[in-house]
Student: 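Please read through the structure below; I'll follow up with questions.
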Amino acid sequence: MVVSDKNIDSNAKIINYNWQYSEIFEPVFNWQGRYIALPGGRSSGKSFFVAHYLLQKLMVDNIDLLCAREHQNSIAESNYKLFTNIIDKYNLPFDVQATKIICKLTGSTIVFVGLSDVTADNIKSYEDFGLVWLEEAQKISKKSWEVLNPTIRREGAQIFITMNPEVPHHRHPIMSELTTIYKEDTLLLHVNYTDNPFVSKDIIKMAEIQKKHKPEEYARIWLGEPDDGSATAVVKYFTDDNIVECEYIDTLPLHLTCDFNVDPMCWYVAHKTKDKIFFVDELVVDNTHTKECIDNFITMYREHKGKIIVNGDASGDYRKTQSAYSDYAIIQRELERAFGYSRVKIDIRRFNPSIKSRIAAWNNMIFDANGNRRLFISPKCKWLMYNCYNLKYKPGTSIVDVPTPAQISKNIDLKYLEHPFDAASYLCEYYFPVYDDNTRSYEYE
């Protein structure tokens, strides 16, 4: 164990704040990067370390701290009590108020929020905060993270992430980014009860009993090793090797593949070679219609010089009762107006293949039997990657587990499951179908 014996010099008096922590946390003190991620199992001491460390920072620097979690119905659901216990124990110079805590030495303030209740407008009030602690970060949604992260703009700001993982890092909205695109700016320390010299004998006994009788639960609860969900995953063997910076080339044929669900409507932009697909961009739009989406596409790719080939859901070729034109007729009309008749082609099946056929084609391109990866996704296609990581079958079945409205109301990210995959997989199956060797055919929906 290590003792933090730094004195806090406030001119008025010197405060001896001597607190102990595990050696595993020592790198935090010298880390200058933006992110400090501390995943791990229960009783690892990570929350106690972060609370002590942040209080020490607040007594030295005039810097505000935002403590955030996904849902917070009351202050009691935050780490407010943990802070106040430490303040009382060491008699630290903080003014503990009903909803916030203020340091008497520096004026630094701790505020507590639930991100699900914060809008894009009022979160701007936190942009000058220099410290952020994301509590129970395993519950934080992709939407909340995408609003919060770019909002914290103060030079040298740091974001602490503590969590008991429920899914592997590559499937978590925060950890997937910290372990890839923000890897160089992230200090990642996986911490368990075995790293905590202060853990009680009762906790050790409880963990060891579970280790003996329920090893899977022991690994998940005490070692922070969640089930990777591979048994029920729709997309198999999708890894970082399938994620590349897919270059858009304005002279190559550009494929636009469409799913026509209204909320959200999902379209993907891709290049295709003889044996590969490169998804370069996505249009995922809430509460929209076909005319609005094709106008957006034309605005984005007005300077395109090559052909435009439209693929996707065969039902889009059926005329709707609310329109004199089918979805593809609308798309073709607008594209021909913008790019000319000779450069536009609609390439769709007469009937949709089954979801089983589309999944088989998709997985064969992700990673085939010969170990080849032939399907690549740009990081810009965030919702398509989200589907690759999170789309699952119902346990014990081959039926895709589509979120219910009740589930979506609790986690808005679930709204974007299924439809992005549908849009992209139509193109994949159209050009690279997986046939039954005996019949040379496949099922239709």
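The residues of the chain are indexed from 1 along the displayed sequence. Both backbone and side-chain heavy atoms feed into the values below; hydrogens, waters and symmetry mates do not. Owing to the predicted nature of the structure, the values given are computational and were not obtained by experimental measurement.
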Student: Under a 3.5 Å distance rule, please check whether H172 uses its side chain to pair with a backbone N or O of A137 as donor and acceptor.
Tutor: yes
Student: Salt bridge check, E429 against R358: does any charged N sit closer than 4.0 Å to a carboxylate O?
Tutor: no
Student: Quick one, D117 and V113 - any side-chain contact, counting heavy atoms below 4.5 Å?
Tutor: no
Student: Distance-only, no hydrogens or angles: does the H190 side chain make a donor-acceptor pair with backbone N or O of L223 under 3.5 Å?
Tutor: yes
Student: Just how far is it from atom CG of L283 to atom CZ of F297, taken to the nearest 0.5 Å?
Tutor: 8.0 Å
Student: Please confirm whether the backbone N or O of Y426 pairs with a side-chain atom of N311, one donor and one acceptor, at under 3.5 Å?
Tutor: no
Student: I366 and K236: which non-hydrogen atoms are nearest, and at how many Å?
Tutor: CG2-O, 3.4 Å
Student: Which distance, rounded to the nearest 0.5 Å, do you find between the CD1 of I359 and the CG of N364?
Tutor: 13.5 Å
Student: Calculate, to the nearest 0.5 Å, the distance between atoms CH2 and OG belonging to W145 and S176 respectively.
Tutor: 9.5 Å
Student: Would D250 and K305 count as a salt bridge (Lys or Arg N to Asp or Glu O under 4.0 Å) here? Give the steps.
Tutor: CA-CA 5 Å; D250 62 4; K305 300 178 179 62; 3.0 Å; yes
Student: Distance-only, no hydrogens or angles: does the T299 side chain make a donor-acceptor pair with backbone N or O of D295 under 3.5 Å?
Tutor: yes
Student: Apply the test salt bridge (Lys or Arg N to Asp or Glu O under 4.0 Å) to residues E245 and K380: give CA-CA distance (whole Å), side-chain angles for both, the deciding distance (0.1 Å), then the verdict.
Tutor: CA-CA 8 Å; E245 293 289 347; K380 295 170 65 175; over 6 Å; no
Student: Between R343 and E336, is there a side-chain N and carboxylate O pair less than 4.0 Å apart?
Tutor: no
Student: Mind listing the closest non-hydrogen atom pair of N164 and K46 along with its distance?
Tutor: ND2-NZ, 3.2 Å
Student: Is a salt bridge present between E146 and K382, judged by a nitrogen-to-oxygen distance below 4.0 Å?
Tutor: yes
Student: Determine, for K415 against D263, whether the closest basic-nitrogen to carboxylate-oxygen distance falls under 4.0 angstrom.
Tutor: yes
Student: State whether K212 and E208 are salt-bridged, where the test is any N-O pair (Lys NZ or Arg NE/NH1/NH2 against Asp/Glu carboxylate O) under 4.0 Å.
Tutor: no
Student: Once you round to the nearest 0.5 Å, how far does NZ of K356 lie from CD1 of I399?
Tutor: 12.5 Å
Student: Counting distance only, does the side-chain N/O of T273 pair as donor-acceptor with the main-chain N or O of K276 below 3.5 Å?
Tutor: yes
Student: Ring-plane angle category for Y182 and Y35, please: parallel below 30°, perpendicular beyond 60°, tilted otherwise.
Tutor: tilted
Student: Please check if the side chain of E166 supplies one atom and the backbone of P226 the other of a donor-acceptor pair under 3.5 Å.
Tutor: no
Student: Under 4.0 Å between a side-chain nitrogen and a carboxylate oxygen: does that hold for D128 and R153?
Tutor: no
Student: What are the two closest heavy atoms between C293 and T288, and how far apart are they?
Tutor: SG-CG2, 3.6 Å
Student: Ignoring hydrogens and geometry, is there a side-chain-to-backbone donor-acceptor pair from T232 to P395 under 3.5 Å?
Tutor: no
Student: If we only count heavy atoms from C-beta on, is the N296 to W267 side-chain gap below 4.5 Å?
Tutor: no
Student: Is there a side-chain contact between L134 and M163 (heavy atoms, below 4.5 Å)?
Tutor: no
Student: Applying side chain to side chain donor-acceptor pair (under 3.5 Å) to D327 and T290, what does each step give before you reach the verdict?
Tutor: CA-CA 6 Å; D327 291 303; T290 302; 2.5 Å; yes
Student: So with a 6.0 Å cut-off around CD of Q32, is the heavy-atom count from everything else above 12?
Tutor: no
Student: Does any non-hydrogen side-chain atom of N261 lie less than 4.5 Å from one of C266?
Tutor: no
Student: Can you name the one residue among F49, Y53, F48 that meets ring-ring contact (aromatic ring centres under 6.0 Å, His included) with Y21?
Tutor: F49
Student: Kindly say whether the aromatic ring centers of W362 and F432 come within a distance under 6.0 Å.
Tutor: no
Student: Are R337 and E334 close enough for a salt bridge, meaning some N to O gap below 4.0 Å?
Tutor: yes
Student: Establish, for the pair K272 and Y431, whether the NZ or CZ atom is under 6.0 angstrom from the six-membered ring centre and no further than 45 degrees off its axis.
Tutor: yes
Student: Can you find a heavy atom in the side chain of V269 that is under 4.5 Å from one in the side chain of Y301?
Tutor: yes
Student: Ignoring hydrogens, what is the shortest heavy-atom contact between I377 and C246? Give both atom names and the distance.
Tutor: C-SG, 3.9 Å
Student: Going through the distances and angles, do H271 and V280 end up as a side chain to side chain contact (heavy atoms under 4.5 Å, CB included)?
Tutor: CA-CA 7 Å; H271 287 310; V280 300; 4.2 Å; yes
Student: Minimum heavy-atom separation for L131 and L58, please, with both atom names.
Tutor: CD1-CD2, 4.1 Å
Student: Verify, without hydrogens or angle tests, whether N363 (side chain) and V234 (backbone) share a donor-acceptor contact under 3.5 angstrom.
Tutor: yes
Student: Can we call the ring centroids of Y389 and F238 under 6.0 Å apart?
Tutor: yes
Student: Quick test of your reading of the model: are D185 and R34 salt-bridged, counting only N-O distances below 4.0 Å?
Tutor: no
Student: So among F279, F367, F278, which one has a ring-ring contact (aromatic ring centres under 6.0 Å, His included) with F376?
Tutor: F278
Student: Centres of the F83 and Y80 rings: under 6.0 Å?
Tutor: no
Student: Would you compute the distance between atom CG of L256 and atom CD1 of I308 and round it to the nearest 0.5 angstrom?
Tutor: 8.0 Å
Student: Is S116 close to K410 at the side-chain level, that is, under 4.5 Å between some pair of heavy atoms?
Tutor: no
Student: For residues Y393 and V400, report the shortest heavy-atom separation together with the two atoms involved.
Tutor: CD2-N, 4.0 Å
Student: Report the distance from atom CD of E292 to atom NE2 of H289, rounding to the nearest 0.5 Å.
Tutor: 4.5 Å
Student: With the side chain counted from C-beta on, respond yes when L189 and V28 share a heavy-atom pair under 4.5 Å apart, and no when they do not.
Tutor: yes
Student: Count the heavy atoms of every other residue, nucleotide or ligand shown that sit under 6.0 Å from CZ of R42, and state whether that count exceeds 12.
Tutor: no
Student: With side chain to side chain contact (heavy atoms under 4.5 Å, CB included) as the test, would you mind laying out the steps for L65 and S108 before giving the verdict?
Tutor: CA-CA 8 Å; L65 166 63; S108 301; over 6 Å; no
Student: Is a donor from one side chain sitting under 3.5 angstrom from an acceptor on the other, for S315 and D313?
Tutor: yes
Student: For E217 and Q210, does a side-chain donor sit closer than 3.5 Å to a side-chain acceptor?
Tutor: yes
Student: Could you walk me through whether V310 and L335 pass the side chain to side chain contact (heavy atoms under 4.5 Å, CB included) test, one step at a time?
Tutor: CA-CA 10 Å; V310 182; L335 288 178; 3.6 Å; yes
Student: Is any side-chain heavy atom of N411 less than 4.5 Å from a side-chain heavy atom of L414?
Tutor: yes
Student: Does the ring centre of F160 sit less than 6.0 Å away from the ring centre of W133?
Tutor: no
Student: Any donor-acceptor pair under 3.5 Å linking the side chain of D413 with the backbone of K142?
Tutor: yes
Student: Tell me if the aromatic rings of Y416 and Y386 count as close, with their centers under 6.0 Å from one another.
Tutor: no
Student: Quick one about Y430 and D347 (side-chain donor to acceptor, distance below 3.5 Å, no hydrogens or angles considered), yes or no?
Tutor: yes
Student: Between the side chains of S141 and E70, is a donor N or O closer than 3.5 angstrom to an acceptor N or O?
Tutor: yes
Student: Do side-chain atoms of T109 reach the backbone of I102 as a donor and acceptor pair under 3.5 angstrom?
Tutor: no
